[in-house]
Amino acid sequence: MEKESLDAKLEAILFIYGEPLSLQTAAKILQVSLEEIRAARAVLEKRLLGSGSGLTLLTHGENMQLVTKPAFAQFTEAILKSELQEELTPAALETLSIIAYAGLVSRSIIDYIRGVNSSFILRSLLIRGLIERSLDPGHGNAYRYAPSFELLRHFGLSRFEELPDFSRLNGLLQKLTPGSS
Amino acid sequence: MEKESLDAKLEAILFIYGEPLSLQTAAKILQVSLEEIRAARAVLEKRLLGSGSGLTLLTHGENMQLVTKPAFAQFTEAILKSELQEELTPAALETLSIIAYAGLVSRSIIDYIRGVNSSFILRSLLIRGLIERSLDPGHGNAYRYAPSFELLRHFGLSRFEELPDFSRLNGLLQKLTPGSS
Amino acid sequence: MYEVKLEQFSGPLDKLLELIETKQLEITQVSLAEVTVDFLEFIKTLGKNVPPGTIADFLVAAAKLVLLKSKVLLPDLELTEEEEGEIKDLETRLALYREFAARSGGASRELSQLWMRKEIAYSRPLLFTALEKGVFYPSPWLTPETLARAFNKAIAALEALTPEPGKVKGLIISLEGKIRELLTRFSEAVAHSFRNLTKDRSRSEVIVLFLAILHLLKERSISVEQSEQFGDILVRKSGTISKE
């Protein structure tokens with residue numbers, strides 16, 4: 001696998017990074033010189049054009065970004081639309097209810113209560129604007145989730161404490177997840 | 001731009017969507033038949049393998065996902081600052097191996113093979129996202145378990161059929177669950 | 001969280017596999033009979049911190065082993081079709097389990113090696129570039145009441161997880177105690193029939209009695225005898241002579 005070419009490695013990190021990445025950062029991550037990265041970028045650009053790929057390389061000065069070919073930009077909207085038009089699944093509803101009744105809750109607590117991994121559903125609820133996330137202070141890169149103001153407005157409530165049976169259900173949640181916040 | 005090939009379009013929507021996408025959804029978004037999507041998937045898979053790309057295609061059942069090549073993990077991890085990969089306990093390993101080789105298996109079969117109640121280990125694997133569960137049709141509230149794309153990604157395989165000795169071990173398990181796949 | 005604690009207990013099949021592999025035996029009925037006593041010894045060491053459900057799993061396996069061992073010890077002993085089936089089933093299961101068991105290599109080792117390789121393929125998050133502010137898209141039927149219902153359901157499922165003690169507890173009867181009880185009774189009467197010993201006892205107690213008898217057999221403090229097919233089994237202290 002050491003023989004894999006630099007342009008392939010560059011493609012992989014651009015794929016993950018998503019945003020524009022500078023030549024300098026790419027060189028640092030791949031542990032090669034700037035010249036080598038520049039050469040790899042040229043190879044990657046040419047390969048994507050020549051191989052009939054659906055992706056292409058955007059270049060802005062020292063920055064580069066892996067994106068879909070311009071002709072395919074329309075798909076983003078179609079995919080987003082089809083995602084949003086899907087009904088909320090029971091799993092999504094369950095996750096949302098935990099967040100709403102908790103007020104502010106970490107992913108590990110949500111996973112613990114549900115007994116399954118919730119990362120995909122959380123992302124989907126975020127995209128729908130039903131929840132918000134913020135960094136969990138003191139927990140590295142972990143996030144905490146809260147219901148969005150839009151959701152509150154949608155319900156015609158002024159605060160989440162007005163949800164049906166709030167104090168009892170919120171209390172149950174506190175009891176079942178000891179020592180956590 | 002109408003001349004762009006279907007495999008390029010498929011690559012683009014997999015890139016945009018990020019998560020595993022079903023053949024059905026892809027066919028709907030691209031407004032083509034399932035057969036055409038299946039063919040495009042085969043073309044895409046082959047092109048990625050042959051062109052020296054940094055990306056690869058995962059296939060699991062009716063779903064597919066575009067991911068980075070497993071050999072580049074050390075570089076992609078530098079970008080993701082990913083959490084440490086936890087060890088798998090012996091109980092986790094044998095439960096995972098039964099599920100991965102079976103493809104889809106009921107809890108009672110897992111318990112039967114291991115000779116112990118597996119509910120807690122299943123719960124912990126679900127929370128880690130390494131397996132998925134679905135209701136077992138015709139068996140009330142009982143669940144069936146399947147390996148996840150997350151597991152495929154962690155193993156660095158393109159499909160579960162690439163597991164060592166797959167067809168023999170899969171055959172042993174299929175014999176226990178006639179009618180399921 | 002209790003799952004960590006619980007998952008450390010391996011089950012009866014794992015223990016059997018360990019015993020058989022330690023002796024480097026193949027999985028056959030003869031080798032299962034050979035490790036039966038060790039298996040029973042092991043059950044005795046299961047402490048109070050072992051969940052009742054696990055003990056029950058061990059006792060069920062022990063009952064099958066006892067059948068199997070009895071067949072070897074008492075060649076005249078006729079087993080019913082169902083009993084033969086149970087023995088065969090144990091053998092088949094163990095062979096299947098060995099393919100996947102963590103202790104015996106096989107599939108588990110392959111998976112472990114893949115895992116340790118740390119060659120992980122990474123994906124992009126859902127709609128990586130589409131996450132923009134300002135989108136709000138609830139389902140039409142999303143109301144505070146549907147949320148409350150969903151929440152109640154989730155909480156009920158979590159509460160149901162809490163292990164319920166006591167349910168299986170009745171099954172656990174001290175093997176040591178049974179052995180002592182047997183010895184006392186042997187000093188009162190020279191011979192006891194198994195039917196007498198097990199009269200009016202629950203199924204689980206019968207199993208434990210079986211285990212106790214086997215244990216004593218191993219220590220040679222008793223001998224067993226069956227005079228006719230399907231007949232009662234006579235249990236007697238070693239060194240005494242049958243009056244019948």
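In what follows, every chain begins at residue 1, and chains take the letters A, B, ... in the order their sequences are listed. For the numbers below, each heavy atom of this structure counts, side chains included, while hydrogens, waters and symmetry mates do not. Computed from a prediction, not measured in an experiment: that's the story for all the values here.
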Ring centers of A:F72, A:F75 separated by less than 6.0 Å: yes
Which members of residues 144-151 of chain C, sorted by number, sit under 4.5 angstrom from chain A on a heavy-atom basis? C:P144, C:E145, C:T146, C:L147, C:A148, C:A150, C:F151
Check whether any side-chain N or O of C:Q29 sits under 3.5 Å from a backbone N or O of C:L68 as a donor-acceptor pair, and report yes or no. no
Under 4.5 Å, heavy atom to heavy atom, which residues of residues 159-171 of chain A contact chain C? A:L163, A:P164, A:R168, A:L169
When you look at NZ of C:K23, are more than 12 heavy atoms from neighbouring residues, nucleotides or ligands closer to it than 6.0 Å? yes
Quick check on A:Q85: does its CD atom have over 12 non-hydrogen neighbours (other residues, nucleotides or ligands) under 6.0 Å away? yes
Which of these, C:R98, C:K15, C:R103, sits in a salt bridge (Lys or Arg N to Asp or Glu O under 4.0 Å) with C:E21? C:R98
Tell me whether the guanidinium CZ or amine NZ of A:R107 lies under 6.0 angstrom from the six-membered ring centre of A:Y145 and within 45° of its axis. no
The interface call for A:L125 against chain C, heavy-atom contacts under 4.5 Å, is neither
So for A:S148, is it side chain, backbone, both, or neither that comes closer than 4.5 Å to the heavy atoms of chain C? side chain
What's the verdict on salt bridge (Lys or Arg N to Asp or Glu O under 4.0 Å) for A:E83 and A:R128, showing C-alpha distance, side-chain angles and the deciding distance? CA-CA 9 Å; A:E83 181 77 14; A:R128 281 171 174 265; over 6 Å; no
Are the side chains of A:L172 and C:E159 in touch, meaning some heavy atoms are under 4.5 Å apart? yes
Going through the checks in order, is the ring-ring contact (aromatic ring centres under 6.0 Å, His included) test met by C:Y122 and A:F15? CA-CA 9 Å; C:Y122 286 100; A:F15 176 85; over 10 Å; no
Under 4.5 Å, counting heavy-atom pairs only, tell me which of C:P125, C:S123, C:S139 racks up the most with chain A. C:S139
Rounded to the nearest 0.5 Å, how far apart are OG1 of A:T76 and CG of C:L127? 8.5 Å
Salt bridge (Lys or Arg N to Asp or Glu O under 4.0 Å) between A:E62 and A:R38, intermediate numbers included: CA-CA 9 Å; A:E62 294 291 274; A:R38 244 184 268 273; 3.5 Å; yes
